[in-house]
Amino acid sequence: ALVLVLGILCSWKLAGGGGSASFLVVGNVTSLDATQIGSTSTGSLSLLNGANLQLFGGSGFVGTTFGTDRVGGTINTATGTLTVDGTLSTLGSGTFYAGVTTGGVATGTVQAGAIDTSAGPLFGLYVGYSGAQGQGTGALVAGGGTLRVTDAVIGFTSGGTATGTLSLH
């Protein structure tokens, strides 16, 4: 099994082949310390030239912040981008987050040649998700396939501004 845990500002590009992961972290900030408000998390994972990614169980985090995200006018920002030229698939249930904050500015993008969750649906899919009074912008684009998910939230905030795009061809 491939387990990736990468730093706060991360970008990975893999060409050909592919991999599988039960726990995937690419660019994450987690803190309950209010003095760290204003943090930026940027995660980018690209699997190119027909490469595939299989998530089995566990969770995936690409460009996320968790914990205290807002104090007055100071906020955290999270940007997450996942590009899979081949097939993004799941085996067993899990949750995937791309561009997620608990109240800051979140931008998330997931692009896949195809999505296949027929072998095991996701519990949750959160792309461009921000909590209270935040800003969420999310896009999920796939060339085809099967998407089975309990909670799919693309571009969301509670009391702020949000834009979401879901395109399955």
Side-chain angles (χ1 to χ4, degrees), residues 3-14 21-47 53 55 57-85 88 90 93-113 115 117 121-143 147-168:
V3 176
L4 294 176
V5 179
L6 307 173
I8 295 170
L9 174 60
C10 280
S11 179
W12 274 68
K13 290 185 180 179
L14 305 173
S22 62
F23 188 73
L24 173 71
V25 179
V26 182
N28 174 263
V29 174
T30 300
S31 178
L32 298 175
D33 184 349
T35 64
Q36 294 181 347
I37 301 298
S39 295
T40 298
S41 173
T42 302
S44 176
L45 177 60
S46 299
L47 289 94
L53 176 63
L55 300 172
S59 296
F61 303 88
V62 178
T64 55
T65 67
F66 291 102
T68 306
D69 269 346
R70 171 184 296 275
V71 173
T74 305
I75 58 173
N76 286 345
T77 60
T79 303
T81 304
L82 173 63
T83 302
V84 179
D85 280 357
L88 173 61
T90 59
S93 298
T95 304
F96 186 78
Y97 306 87
V100 173
T101 72
T102 57
V105 175
T107 304
T109 304
V110 174
Q111 294 180 321
I115 291 181
T117 58
L122 289 168
F123 282 133
L125 176 63
Y126 301 92
V127 181
Y129 178 98
S130 179
Q133 305 302 313
Q135 178 180 332
T137 304
L140 171 64
V141 179
L147 177 60
R148 290 179 28 196
V149 61
T150 302
D151 291 321
V153 183
I154 315 296
F156 172 85
T157 189
S158 175
T161 59
T163 303
T165 302
L166 174 61
S167 179
L168 301 174

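For reference, positions follow the sequence shown, starting with 1.
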Is the closest side-chain donor-acceptor distance between [X] and [Y] under 3.5 Å?
X	Y	answer
N28	T64	yes
T35	D33	yes
T81	S44	no

Mark yes or no for whether [X], through its side chain, and [Y], through its backbone, hold a donor-acceptor pair below 3.5 Å.
X	Y	result
T137	T107	no
T102	F66	no
S59	F23	no
T117	R148	yes
S93	P121	yes

Which atom of [X] lies closest to which atom of [Y], heavy atoms considered:
X	Y	answer
A106	G99	CB-O, 3.2 Å
T68	V71	CG2-CG2, 4.3 Å
S130	G104	OG-O, 2.7 Å
L125	L147	CD2-CD1, 4.4 Å
R70	Q133	NH2-O, 2.6 Å
S41	G27	OG-O, 2.8 Å

Are [X] and [Y] packed together at the side-chain level, in the sense that at least one heavy-atom pair is separated by less than 4.5 angstrom?
X	Y	value
T101	I75	no
L82	F96	yes
L53	L55	yes

So if I apply the side chain to side chain donor-acceptor pair (under 3.5 Å) rule between T40 and each of T65, N76, T77, which one comes out positive?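 Testing each of T65, N76, T77 against T40, the sole residue satisfying side chain to side chain donor-acceptor pair (under 3.5 Å) is T77.
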Got a second to check how far [X]'s [atom1] is from [Y]'s [atom2], nearest 0.5 Å?
X	Y	atom1	atom2	answer
L88	L140	CG	CG	8.5 Å
S31	D69	OG	CG	9.5 Å
Y97	Y126	OH	OH	6.0 Å

Check the pair L166, L168 against side-chain contact (heavy atoms from CB on, under 4.5 Å), reporting the backbone distance first and the verdict last. CA-CA 7 Å; L166 174 61; L168 301 174; 4.2 Å; yes
